[in-house]
Amino acid sequence: MRLEGLRVSPFPLRILLVLAAFFVLVRPAAALEAIEVPLGVATLDLTDAVERYSSDTDRLQVSTAAGADGIVRRIEVRAQNDGGSSDWVVFALANTSDEQIDRLLVAPHYRLVGSGVLTPDLGSVRIVAVTPSEGFAPEHLDEPGADVFRITLDPGAIVTYIAQLSSPKLTELHLWQPEAYEESVNSFTLYRGIVLGISALLALFLTVLFVVRGTAMFPASAILAWAVFGYIAIDFGIIGKVFGLGPEALQAWRAATEVLLSLALTVFLATYLHLHRWHIRYAHLTGIWLVVLTALFGIILIDPTTAAGIARISLPITVMLGLAVIVYLAFRGFDRAIMLVPSWTILVFWLAMAWLAVSGRIDNPSIQPALAGGLVLLVMLVAFTIMQHAFAGGGLAQGIVSDAEQKALALVGAGHAIWDWDVARDRIEIGHEIETVLGLKRGALEGPARNWLGTLHPTDRDRFRAVLDAVIAQRRGRINQIFRMRAADGRFLWFHLKARPIVGADGEVMRCSGTLADVTEARTAEDRLLHDAIFDNLTGLPNRQLFLDRLEQALLRAEAAATLMPSVIYLDLDGFQRINDENGISVGDSVLLAIARRLSRLLSPADTLARIGGDGFAILLGAQSEADGVQEFADSLRIAVRAAIPIGDQDIRVTASAGVAIATKGAATAETLKDAETASFHAKRQGGDRTSLYRPGEIVRRDSDDLQADLAAALEGGEIELVYQPIIRLSDNTIAGFEALVRWEHPRRGSVPPSEFIPVAEESGLIVQLGLFTLERAARDLALWQAALREGPPLFVSVNVSSQQLLRYDLINDVKAVLARSGVAPETLKLEITESLVMQNPEFAAKMLEEIRNLGASLALDDFGTGYSALSYLQRFPFDTIKVDRSFVANNGSTARPVILRSIITLAHDLGMDVVAEGAETESDTLELIQLGCEYVQGYLYGRPMSSQMAHQMARRRQQPQQSLARSA
């Protein structure tokens with residue numbers, strides 16, 4: 001049929017197209033299949049029966065399941081959170097019975113099964129709300145550990161439910177009969193209580209065992225037990241109930257317990273097996289692994305899921321590496337490794353089951369509590385294992401030991417090997433320990449005595465042969481010899497042989513028996529001490545002592561042979577301290593080494609070059625005594641010093657002032673060197689970089705040179721004294737300690753201020769002697785105060801340390817010796833180091849300060865804020881106290897001062913340090929420091945520097961609050 005002339009209006013056509021497009025776009029999905037809810041079934045698993053939706057808006061339109069009338073309806077649900085995307089699950093339930101059905105819709109917050117490894121699901125709220133297609137909304141029940149909604153189905157009803165999710169993750173969804181759900185929860189309650197109780201008892205038992213025994217493996221096992229207890233308490237929901245934590249807050253706790261479990265397992269394994277005793281690499285690897293695991297606690301604060309994932313990866317790595325170490329040590333006969341095999345086998349089996357659970361390969365409601373019980377079983381086995389060590393002091397361990405066994409044990413404990421020479425058979429036998437030390441094959445040192453001669457150092461062979469022959473010939477005596485033996489790599493090691501001959505019935509020597517010990521380390525240390533006693537430890541040149549000895553020998557030879565008298569040239573570097581200040585101590589040391597090499601190349605073999613003091617060099621010329629010739633040679637030395645020294649990307653230039661002294665008949669050794677030094681100081685006073693010849697009566701030493709000599713005499717004569725300025729504890733306004741300050745009362749000059757003689761002491765090298773004197777005197781006075789004042793917190797004394805002291809390794813031995821001789825509590829001796837000093841060589845300073853801190857002494861950073869602080873280095877220095885410079889304490893009217901002072905105190909507290917404020921002069925200064933939280937204060941308001949006796953009297957009254965102690969001082 002044709003329709004001609006028919007015109008269709010475009011408006012209705014557009015309406016039809018829009019409607020068609022609408023129905024195509026919002027076409028409802030296929031109707032849901034309603035799930036029949038039978039009366040006699042306890043639970044229905046809806047996890048895989050629901051339909052999941054994700055919406056970009058806060059609304060969702062879905063089609064319902066067909067009702068009893070067969071009609072499919074469409075409903076729209078709005079999320080509880082306005083705006084944003086949302087996730088949903090939709091399911092339909094049908095009640096085909098003629099009875100009303102009540103069921104519980106349960107979605108657990110956390111399930112170990114299927115939680116994953118790399119990015120584990122640590123639990124959260126699963127269902128926010130449930131909306132039915134008809135009837136009342138399900139009631140939300142407050143149940144711990146799960147989202148529970150009560151659903152009621154009328155007879156013959158088919159209801160579609162739309163559940164809004166908090167996230168796309170829905171690990172499990174079940175429909176329970178209320179009675180069956182309650183029975184299921186209660187069925188594990190007793191089991192969980194038993195497991196948790198045993199875990200807590202084991203942790204307490206191992207902690208008590210640690211307190212009783214005190215060895216390292218007991219705290220390690222206690223940490224493991226507490227880690228397991230924490231893991232189980234989180235897993236069973238105890239922590240959440242006790243602290244009222246929600247599912248989201250428990251994520252961080254759960255991640256922390258998993259990290260702690262891996263960390264505790266590593267600590268227990270390393271401590272129990274004594275891995276640090278087997279090889280240092282074991283200790284290094286364990287330390288690195290523990291640092292990595294400890295860092296995970298910081299990651300927990302940012303992303304608990306990532307931290308838990310790394311912990312779940314680290315646990316099998318720890319277990320498998322531990323298994324390899326245990327097997328290796330067990331095959332070597334280490335009894336602790338053998339005893340740990342059963343426990344580690346169970347741990348490997350537990351790890352396999354846990355991996356099957358988290359990966360979802362096994363799914364059973366009992367697997368999660370079963371794994372918790374497995375951890376408790378593991379801790380029980382560990383407890384039984386270490387109990388054998390805890391009570392190893394019983395009768396079996398204290399049984400009768402024969403005399404031969406006692407001697408053998410003594411040899412093993414002393415680290416000695418048996419040395420036995422069967423004279424009749426001419427065969428030497430030794431313990432295989434010596435062959436191992438030398439890197440030789442087993443039996444390489446056994447055989448005739450003549451075979452030993454090839455292994456000895458050539459200079460020791462004749463002496464060794466002579467001693468053996470003498471013992472055989474005289475049939476008495478002892479062998480007490482130290483000799484060197486060649487190792488497999490060509491090195492020579494030192495050994496100490498102690499033996500005695502055993503004479504037979506016929507009066508002849510049957511054998512010689514004794515011990516052989518490796519004394520290489522002791523011999524090397526002894527040689528090093530002897531070397532350091534006469535040689536400079538930086539340049540390797542002779543020091544002042546050896547130089548004076550050689551000068552004395554040269555003078556004696558010259559007088560005896562009536563030959564030319566020797567000459568001495570003293571070179572003092574100009575402005576060397578500036579190089580240290582601008583470039584650091586390491587650059588200064590490099591400059592000294594370069595200059596030493598240059599000067600050495602210009603000398604003949606008969607001459608002597610020595611390093612005298614910090615930046616002074618002395619040259620002994622034995623074959624030149626003409627003044628002009630010596631001066632000309634001194635000028636050549638200065639020219640050599642003047643040449644640029646390339647260090648890194650810069651050229652360092654330094655000049656020297658030379659002093660020349662020609663010895664005279666009957667001159668004292670020290671006087672000749674002193675004359676050369678005097679001439680050098682005269683050249684320096686004239687501008688430096690020149691040579692001066694010493695002529696008696698023509699050179700007058702400048703005041704600082706006289707001051708140097710007087711200071712040296714004052715140190716010997718006891719003119720140097722210490723005064724003490726009190727340091728007040730602001731919390732109770734009592735005396736906490738004193739700062740030791742050096743004072744010099746010159747017999748002619750009167751009182752010499754420290755600002756004058758301290759620079760002289762630093763320039764001349766006397767600062768080391770002065771610093772040691774201050775340290776010993778302050779410690780001695782502190783010991784007297786502490787002995788007299790036994791009540792309350794012990795007093796402390798602060799002692800300033802100079803740059804030359806800090807940059808010498810001897811400072812550690814000095815502090816150790818002072819603490820041992822004085823007997824003071826180590827933490828009450830506080831060493832003060834200025835901020836600019838530690839920054840000259842921060843790497844070396846950090847190492848030295850750490851070693852001093854290990855001795856127990858306290859460390860204070862003096863004059864903080866006046867130097868050039870580098871906070872990245874500051875946190876590495878083990879200071880326990882910061883002393884704020886007086887420029888930040890006194891109120892000078894600056895608006896920036898309070899802000900800077902507050903920042904310094906806050907920084908110190910954040911780094912775990914106490915603060916001592918210097919220069920408190922008014923009550924307002926003290927009040928401000930108290931408000932800012934400063935712990936200690938020091939200033940004239942509370943006391944001026946005073947003698948040791950006055951400080952002692954003041955300390956006796958320290959229990960009474962101090963009010964303006966300046967009057968009593």
Self-check item: Any side-chain donor near an acceptor of the partner, T834 and D862, under 3.5 Å
Solution: no
Practice problem: Applying side chain to side chain contact (heavy atoms under 4.5 Å, CB included), run through I727 and S798 and close with a yes or a no. | Solution: CA-CA 10 Å; I727 299 175; S798 298; 4.2 Å; yes
Quiz item: Hey, does L859 have a side-chain heavy atom less than 4.5 Å from the side chain of I852?
Solution: yes
Quiz item: Do the ring centers of W785 and Y724 come within less than 6.0 Å of each other?
Solution: yes
Quiz item: Are the side chains of L548 and L673 in touch, meaning some heavy atoms are under 4.5 Å apart?
Solution: yes
Quiz item: Any side-chain heavy atom of V799 within less than 4.5 Å of one from K830?
Solution: no
Quiz item: Is there a side-chain contact between L819 and P826 (heavy atoms, below 4.5 Å)?
Solution: yes
Practice problem: Could you point out which residue of N583, I579, V591 forms a side-chain contact (heavy atoms from CB on, under 4.5 Å) with I647? | Solution: V591
Quiz item: Do T655 and D574 have side-chain N/O donor and acceptor atoms under 3.5 Å apart?
Solution: yes
Self-check item: Note, M946 side chain near Q725 side chain (heavy atom, < 4.5 Å)
Solution: no
Quiz item: Can you tell if the side chain of L722 reaches within under 4.5 Å of the side chain of R743, non-hydrogen atoms only?
Solution: no
Quiz prompt | E918 and R886 ion-paired at < 4.0 Å | solution = no
Exercise. Answer yes or no: is there an ion pair linking R544 with E677, defined by an N-O contact shorter than 4.0 Å?
Key: yes
Exercise. Would you kindly say whether E935 and H909 are connected by a side-chain donor-acceptor distance under 3.5 Å?
Key: yes
Quiz item: Any luck finding a side-chain donor-acceptor pair between T672 and D675 under 3.5 Å?
Solution: no
Exercise. Determine whether the side chains of S822 and R780 contain a donor N or O and an acceptor N or O closer than 3.5 Å.
Key: no
Exercise. Check the pair L855, E851 against side chain to side chain contact (heavy atoms under 4.5 Å, CB included), reporting the backbone distance first and the verdict last.
Key: CA-CA 7 Å; L855 297 178; E851 293 186 22; over 6 Å; no
Self-check item: CG-OG distance between L766 and S802, expressed to the nearest 0.5 angstrom
Solution: 11.0 Å
Quiz item: With a 4.5 Å heavy-atom cut-off, do P726 and Q938 have their side chains touching?
Solution: no
Exercise. Kindly confirm or rule out a cation-pi arrangement of R550 over F547, judged by NZ or CZ under 6.0 Å from the six-membered ring centre and within 45° of its axis?
Key: no
Practice problem: Find out whether F888 and S903 are in side-chain contact, i.e. whether some heavy atom of one side chain is under 4.5 Å from a heavy atom of the other. | Solution: no
Practice problem: Mind checking the CD1-CD spacing from I812 to E850? Nearest 0.5 Å is all I need. | Solution: 10.5 Å
